[in-house]
Amino acid sequence: MISVKRRGVARLAAAVLASGLVAAGAIVTAGTAAADDAPPSQGGATATLSGLKTFDQAVIHDKGKDQKVGAGLFEMAVDNGGTIQTYCIDLHNPTQSKAKYEEKSWSATSLAHNTNAGKINWILQNSYPQVNDLSALAAKANSGPLTEKTAAAGTQVAIWRFSDGADVDAVDPAAEKLADYLEKNAQSLEEPKASLTLDPPAVSGKSGERLGPIKVHTNADSVTVTPGDTAASGVKVVDKDGKTVTSAADGSELYFDVPAGAADGNATLTAQAATKVPVGRAFASATKSQTQILAGSSESTVSATATADWAKKGAIPALSAEKNCAKGGVDITATNKGDEAFTFELLGEKHTIEAGKSETVTAPVKEDQAYKFTITGPNGFEKTFSGVLDCKTASTGGGSGDETPSSQPSPASAGGSSADSSGGDLAETGSSSNTPIIAGVAVALVVIGGGAVFFVRKKKAAPAGE
């Protein structure tokens, strides 16, 4: 949540100068499939940061310097309905104004490296706002009277001690006693399951077959299933018995039923539900805004998509990607349901997936680096996976070594100051101070036309019949 201006600019520059790794390969696949602007993802809730709403003051002690900051609960507006509350687990990174966040597994965030991740989950389950009887919470902690603001501050301070290894104290004595109690009593709990995922998010096969299964994982009672525009192809979304599906539940299996003789092509389906996102789920942003962890959720809209590609013959791959912080890269999974081998090139290395086989390749990406992997094929087929690898906090080796808290942290709100909310001398958000620099970098990118991206030449597709 804290960031020195120099470090923030350095991180941004590093991401820009290494702003992409593009992999291209020859893919024999689904006819005239168009480029995918939104590749399959694991699904769940997506939300926009509203700001730090319920907080008090804390002091970060670092390298002989003290920095007063706001510590407490953020709020986010969930896309298509709902509100969530989160705490920061990424102390030395700034928030970005109106940043978009996605629900993620711990393996795709800094929690993948953190042996105390389960203790953070315990704190969330046993403190504010999950425990909203503040008198009872104060009695357990022997802290003295707590308000919503001081309870949120004490909870955040305890979380930072585990998420970032920070030397941090709450300014309010009761909040500090709560933080100490939570830190001392925390036990390791398992990672909560996702609100909604489809596994796998991409399938393939021959026309005339049912492509799948795609398994539904959700904590919702019911999920609405909606196919994309499949009228022209006659493709239906069905269950294992071939019955058309419009709703599903946890454990349901979905299939794309592709008619025999259908022209080579692709289709999508969307699953959507209203549910409370499980406390302890991580939320990450592709805009390098600090990683958050869920503390509370209203009834919220969650969704997931899956795609299918089919052809009459040849190699018929399905591609998906997910960050793998444990391995420091992006896992690209390729499955080939065709009758010929599928070969693609990634970062200069060829990979061949035999017919009926599947392989996951981890593409290494440096910390804080933006990446863009594009795998292309004949007839306009293209799959692009992009994002920023944000797997470490400063305390776990993710920074440059000079992350001393400065006068420009960003726990306040997405783009504003926290001083007016608390009445104290809290520092302003870091995002505002770097705006001219960010704008300058953006202009530079426009001028060079994305020249910072490293491209791998696309293979020429073999003529038909070869």
Side-chain angles (χ1 to χ4, degrees), residues 1 11 14-15 18 21 39-47 86-93 99-125 156 158-166 186-197 199-201 217 277-295 304 320-333 360-371 373 385-400 403:
M1 187 174 290
R11 293 170 75 99
L21 300 172
S41 64
Q42 292 300 313
T46 57
T86 59
Y87 285 110
C88 167
I89 53 170
D90 196 7
L91 177 60
H92 290 272
N93 281 333
K100 296 287 291 184
Y101 279 80
E102 294 182 354
E103 181 184 344
K104 294 289 185 182
S105 65
W106 289 0
S107 64
T109 71
S110 58
L111 295 178
H113 300 280
N114 194 333
T115 57
N116 289 317
K119 292 185 177 181
I120 295 173
N121 192 16
W122 185 93
I123 291 172
L124 294 168
Q125 305 291 344
Q156 177 66 91
I159 289 172
W160 277 336
R161 292 173 182 173
F162 287 124
S163 66
D164 293 74
Q187 303 170 32
S188 187
L189 298 182
E190 291 184 358
E191 176 180 4
K193 295 181 180 180
S195 61
L196 175 61
T197 60
D199 183 31
H217 300 282
V277 182
V279 170
R281 291 293 291 172
F283 277 78
S285 173
T287 57
K288 207 61 190 72
S289 189
Q290 61 188 210
T291 307
Q292 307 272 320
I293 194 163
L294 190 87
S320 61
E322 183 72 8
K323 294 177 185 177
N324 185 336
C325 285
K327 293 185 177 180
V330 179
D331 283 345
I332 296 180
T333 299
T360 297
V361 179
T362 302
V365 180
K366 293 181 179 179
E367 176 69 10
D368 297 331
Q369 177 174 296
Y371 62 86
F373 300 106
F385 306 103
S386 61
V388 175
L389 195 72
D390 183 11
C391 290
K392 299 178 182 179
T393 64
S395 63
T396 57
S400 59
E403 295 85 8

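Keep in mind that the numbers below use all heavy atoms, side chains included, and drop hydrogens, waters and symmetry copies.
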Report summary line: Between Gly44 and Glu103, the two heavy atoms sitting closest are CA-OE1, 3.4 Å
Query raised in the report: Is it true that a side-chain atom of Gln156 and a backbone atom of Cys88 form a donor plus acceptor pair closer than 3.5 Å?
Result: yes
Report task. Measure the spacing between CZ of Arg281 and CG of Leu111 and express it to the nearest 0.5 Å. Result -> 10.5 Å
Query raised in the report: Is the closest side-chain heavy-atom distance between Phe385 and Val330 below 4.5 Å?
Result: no
Query raised in the report: Could you state the interatomic distance from CD (Gln125) to CD1 (Ile120), rounded to the nearest 0.5 Å?
Result: 12.5 Å
**Report entry** Spacing of NZ belonging to Lys366 relative to CG belonging to Leu389, to within rounding of 0.5 Å
**Finding:** 12.5 Å
Requested in this report: Tell me, with the steps shown, if Leu124 and Leu294 meet side chain to side chain contact (heavy atoms under 4.5 Å, CB included).
Outcome: CA-CA 8 Å; Leu124 294 168; Leu294 190 87; over 6 Å; no
Query raised in the report: What are the two closest heavy atoms between Ala186 and Trp122, and how far apart are they?
Result: CA-CE3, 3.4 Å
Query raised in the report: Does the pair Lys100/Glu102 count as a salt bridge with the N-to-O cut at 4.0 Å?
Result: no
Query raised in the report: Tyr101 and Gln290: which non-hydrogen atoms are nearest, and at how many Å?
Result: OH-O, 2.6 Å
Query raised in the report: Distance from Lys119 atom NZ to Asn114 atom CG, nearest 0.5 Å?
Result: 10.0 Å
Query - Minimum heavy-atom distance between Lys288 and Val388, given as atom pair plus value - result: CD-CG1, 3.7 Å
Query raised in the report: Should Ile123 and Phe162 be marked as a side chain to side chain contact (heavy atoms under 4.5 Å, CB included) after you check the CA-CA gap, both sets of side-chain angles, and the distance that decides it?
Result: CA-CA 10 Å; Ile123 291 172; Phe162 287 124; 3.7 Å; yes
Report summary line: d(His217 NE2, Lys193 NZ) to nearest 0.5 Å is 9.0 Å
Report task. Would you please name every residue forming a side chain to side chain contact (heavy atoms under 4.5 Å, CB included) with Pro200, sequence neighbours left out? Result -> Val203
Requested in this report: Mark yes or no for whether His92, through its side chain, and Thr393, through its backbone, hold a donor-acceptor pair below 3.5 Å.
Outcome: no
Report task. Ignoring hydrogens and angles, tell me if any N or O in the side chain of Lys392 forms a donor-acceptor pair with the backbone of Asp368 under 3.5 Å. Result -> no
Query raised in the report: Do the side-chain N and O atoms of Ser289 and Thr287 include a donor-acceptor pair separated by under 3.5 angstrom?
Result: no
Query raised in the report: Hey, does the side chain of Asp90 reach the backbone of Asn93 with a donor-acceptor pair shorter than 3.5 angstrom?
Result: no
Report task. Starting at CG of Asn121, measure out to CD1 of Ile293 and round the result to the nearest 0.5 Å. Result -> 6.5 Å
**Report entry** Where Val279 and Ala295 come nearest, the two heavy atoms and their spacing
**Finding:** CG2-O, 3.7 Å
Query raised in the report: Do you know the tightest heavy-atom contact between Val277 and Ala45?
Result: CG2-CB, 3.8 Å
**Report entry** Stepwise side chain to side chain contact (heavy atoms under 4.5 Å, CB included) check, Cys391 with His113
**Finding:** CA-CA 8 Å; Cys391 290; His113 300 280; 4.1 Å; yes
